[in-house]
Each structure stands twice: as C-alpha cells, then as structure tokens.
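Worksheet: the structure to be examined is printed underneath.
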Amino acid sequence: MRAPSRVVCRRLGGLSAAVARERVRVRVPATSANMGPGFDCLGIALTEHNLLAVERARAFSIEIVGEGADSLPRDESNFYYRAFKLGFAASAPAGAPIPPVKLTCTNAIPPARGLGSSSACLVAGVTAGFALNGHDARSGEIRDRVFQICAEQEGHPDNVAPAIYGGLQLSFLRDERGHFLTQRIPIHADARGATAVLFVPDFELPTKEARALLKPEVSRADAVFNIARAATIVHAFSSGRLPLLRWGAQDRLHQPQRGALFPLFKLIDAATGAGAHGAWLSGAGPTVCAMVGGASGADGARGARDAIDLHAPHEVGRAMVAAAKAAAMSGRLVMAQIDDAGVELDEV
Ligand SMILES: Nc1ncnc2c1ncn2[C@@H]1O[C@H](COP(=O)(O)OP(=O)(O)OP(=O)(O)O)[C@@H](O)[C@H]1O
Ligand SMILES: N[C@@H](CCO)C(=O)O
C-alpha cells in the first residue's frame, strides 16, 4: 500500500483542506425507491452492493465484472466515469484537469431493473471523485455535498438518498433554488430484521421509459389515497408494525400504469398471499419487492415469531417464482436485508 501523495492542501469552495489520494475504493448499496405510495420521495437501502475502485493511472481504462459486464460501455461514456468526473471537478481546485484513471467496477446490482443501479453508479462515482481529492465521504459535510450533486443529476432524490445515507430515507426538492432535503426515518427494532424478497425479471425497464407511461395529472381521490398510504408506510417502519404494509404499500400514482406492462399485481398478490406484509414495484420496475418477517411477522409468543420468520421469506419467494412462471415471465429471486450504512469508503 502506497502512502497518499500530498497534492492539495487548501480550502476549496467551502470544503475543508484535504490530501489527495492515489486510489480509492467505494461500496454502494442497491435501493428500492417509491416503496409503493412514496413516488419520487421514499427509498430504502438494501444489502446488495456495487464496488468501485478508482486509481490514478497513465491512461484511462475500465474493467467491469458482474452485472452488466456483457453490455455496459467500457469507454468514457460509462456512467461511473461520468459521475467520477463530476465529483472530481466539484472538489478539485478550479481549473484542475481530470487525471487519467483506471476504474474497476464489480457490480451486483442489475442495471435497469428498479434497484437503483444508475443512482449507485452516480453516488459511487461522485464519492470517488471527492475521495481522490482527499475528501472523506464518511463525513456529514461531504455526504451532503454528494447528495445535492447526485439528486440534481437524477432529478428525483429517492434512490440517491438511501444509497448515500443508508436506511429508509424520505427526500424531496426543498425549494425553488434546487436544494434537496432528506431525512432518515428511524426503523423500529421489530422491523429491522425484515427481509426484502425481490423478484428480478430478466427484462430491463429503463426508468426514462417507465416515467413516460405516467399520467401528467392525478385525481384528488388518488392523491388522498396515496397521501394516506405514504404516511402509513412510514408509520409501519418507524413503529415496527409491519403488518400495516398491507395498506401502506398500496399505490395509485404509478403502479397501475407500469403494472399494465407485465404481471406486477399477480406477483404482489402471490407475495401477500404467502405471508408478505406488503409488496411494491421497486423503483420504476420491473423488480417486485416484498417485505417479509421482522419481529412483527406474526402474532403470539416470541418462540412462534422466530420460527415463522425463518421460513417466511422462502415461502414468499417460492410463491412469487410460481406466479411469474404461470405468467411465462423469467427472472430470479434475491433476498436482502435493510442496509444501514449507505455509501462507504475504504482507506487505501
Ligand atoms: N454498473 C453500471 N455501470 C455503468 N452504467 C450503469 C451501471 N448500472 C446502470 N448503469 C446505467 O444506468 C442505466 C439504468 O438506469 P435506470 O435509471 O434506467 O435503471 P435503474 O437505476 O436500475 O432503476 P431504478 O431507477 O428504477 O431503480 C443503464 O442502462 C446504464 O446506462
Ligand atoms: N421515483 C422514480 C424511481 C426510479 O428512478 C420513478 O419511479 O420513476
């Protein structure tokens, strides 16, 4: 391991002094946005992670392993690299050139499936840009800078907020000047052990296309329906009363239109029929996310609860796979927990 080179030691645009690094490694979680009714404002981080390593080099290069290795570009149009340049430019001395770098991307998050792959790239790349300039993304100050940049790039903050801060985040555009706000919703101990059972279809659904399906206007009845459910899902997680997701995961703003593309509601019904508290279209889809277990997973004595929690995710998963198969939809099952940490930076 080489010692970091001492390049930059002065204040930059409100940032603390920093010592530039030769190489950095960033880990960023998958995220499930919307969570049913919280369109463009609720999102939760999950324990599937992409890893990005960036090191100074003689020339640009990029290596990709894992998800998307067969299809993602290996030139300077790669999303990680574009995000890295944004983060580097935002944290370097004015006019400093972008240095040639080698990127190594290890992807566990499948692209364009509703698990926040684009936000993960954005957050990892911008964080790596700051970190190469010596700014530590573990500090609140840098995370907040990264959040504003990433939310502005995405246009909606519901994936980038949990990808950066972890846990369950409630975020929105705060004012006309383009400032975004995010707040962590505390997750009750009874809900922390819940499992997200994810059915990830084999087909991609780019967010841009999924947003184009939405109606430009909504009725007052649908707005009231969603306000009540969005408040309920926040209450369910913060009180630990996950069975409230039966109502709290319902939506009328985006799932009806997106669910017309594929058997979304058959999978939601299969999951809840098999014991999930509730299920939603993850992000813009097509992944379906069912929340299962946690200490509130069943009534009765503690021992009975524990026994049910062990098996419920598998039963729900099996039911989702069977429903997909019956509808001739191929895909795979992923089980994840709630990620509390958000983006993480390795000391290298
Ligand atoms: N690991 C990656 N490396 C480089 N680019 C990626 C990677 N993952 C995703 N992308 C880019 O992001 C695009 C997918 O973004 P999109 O917003 O459509 O889906 P998503 O972020 O997975 O879903 P959602 O926003 O609904 O959770 C890909 O087509 C690709 O351009
Ligand atoms: N809120 C976003 C999440 C996907 O980026 C949407 O549903 O389009």
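Order of appearance sets the numbers: ligands from 1, and atoms from 1 within every ligand. Keep in mind that the numbers below use all heavy atoms, side chains included, and drop hydrogens, waters and symmetry copies. Numbers here simply count residues along the sequence, with the first being 1.
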Is atom 1 (N) of ligand 1 close to the protein, meaning a heavy atom under 4.0 Å from it?
-> yes
Are Asn133 and His135 linked by a side-chain donor-acceptor pair shorter than 3.5 Å?
-> no
Going by the order shown, which atoms of ligand 2 are within less than 4.0 Å of some heavy atom of Asp158?
-> 1 (N), 2 (C), 3 (C)
Report yes if some N/O of Glu154 lies less than 3.5 Å from some N/O of ligand 2; otherwise report no.
-> no
Would Ala33 count as a contact of ligand 1 if the rule is a heavy atom under 4.0 Å away?
-> no
Between Met35 and ligand 2, which residue portion shows a heavy-atom distance shorter than 4.0 Å: side chain, backbone, both, or neither?
-> neither
Rounded to the nearest 0.5 angstrom, the CD-CG distance for Glu154 and Asp40 is 10.0 Å
Is a donor on one side and an acceptor on the other found under 3.5 Å between the side chain of Gln337 and the backbone of Ala194?
-> yes
Which of the ligand 1 atoms, numbered from 1, are nearer than 4.0 Å to a heavy atom of Ala284 | 26 (O)
4.5 Å side-chain heavy-atom contact, Leu213 and Leu261 | yes
Quick note on ligand 2: atoms under 4.0 Å from a heavy atom of Thr207 include exactly 4 (C), 5 (O), 8 (O)
Atoms of ligand 2, numbered as shown, that sit under 4.0 Å from any heavy atom of Arg211 = 1 (N), 2 (C), 6 (C), 8 (O)
Numbered atoms and elements of ligand 1 in range of Phe79, under 4.0 angstrom, heavy atoms | 4 (C), 5 (N)
For Cys121, atoms of ligand 1 separated by under 4.0 Å from a heavy atom = 1 (N), 2 (C), 3 (N), 4 (C), 5 (N), 6 (C), 7 (C), 8 (N)
Within 6.0 Å of CZ in Arg211, more than 12 heavy atoms from elsewhere | yes
With heavy atoms of Asn159 as the reference, note each atom of ligand 2 found under 4.0 Å away.
-> 3 (C), 4 (C), 5 (O)
Derivation of the side chain to side chain donor-acceptor pair (under 3.5 Å) call for Gln169 and Thr182 | CA-CA 6 Å; Gln169 298 282 332; Thr182 189; 2.8 Å; yes
Atoms of ligand 1 under 4.0 Å from any heavy atom of Arg113, numbered from 1 in the order shown, are 22 (O)
Walk me through it: do Asp340 and Arg184 pass the test salt bridge (Lys or Arg N to Asp or Glu O under 4.0 Å)?
-> CA-CA 10 Å; Asp340 254 346; Arg184 190 186 191 100; 3.0 Å; yes
Can you find a non-hydrogen atom of Gln255 under 4.0 Å from ligand 2?
-> no
Work out whether the distance between some heavy atom of His254 and some atom of ligand 2 is less than 4.0 Å.
-> no
Looking at side-chain heavy atoms only, is the closest gap between Leu132 and Val101 below 4.5 Å?
-> yes
Near Asn107 (heavy-atom distance under 4.0 Å), the atoms of ligand 1 are 1 (N)
Does a salt bridge link Glu67 with Arg332, judged by any charged N lying under 4.0 Å from a carboxylate O?
-> yes
Would you indicate whether Lys85, at its atom NZ, is surrounded by more than 12 heavy atoms from other residues, nucleotides or ligands within a distance under 6.0 Å?
-> yes
Sub-4.0 Å heavy-atom contact, Cys105 with ligand 1 | no
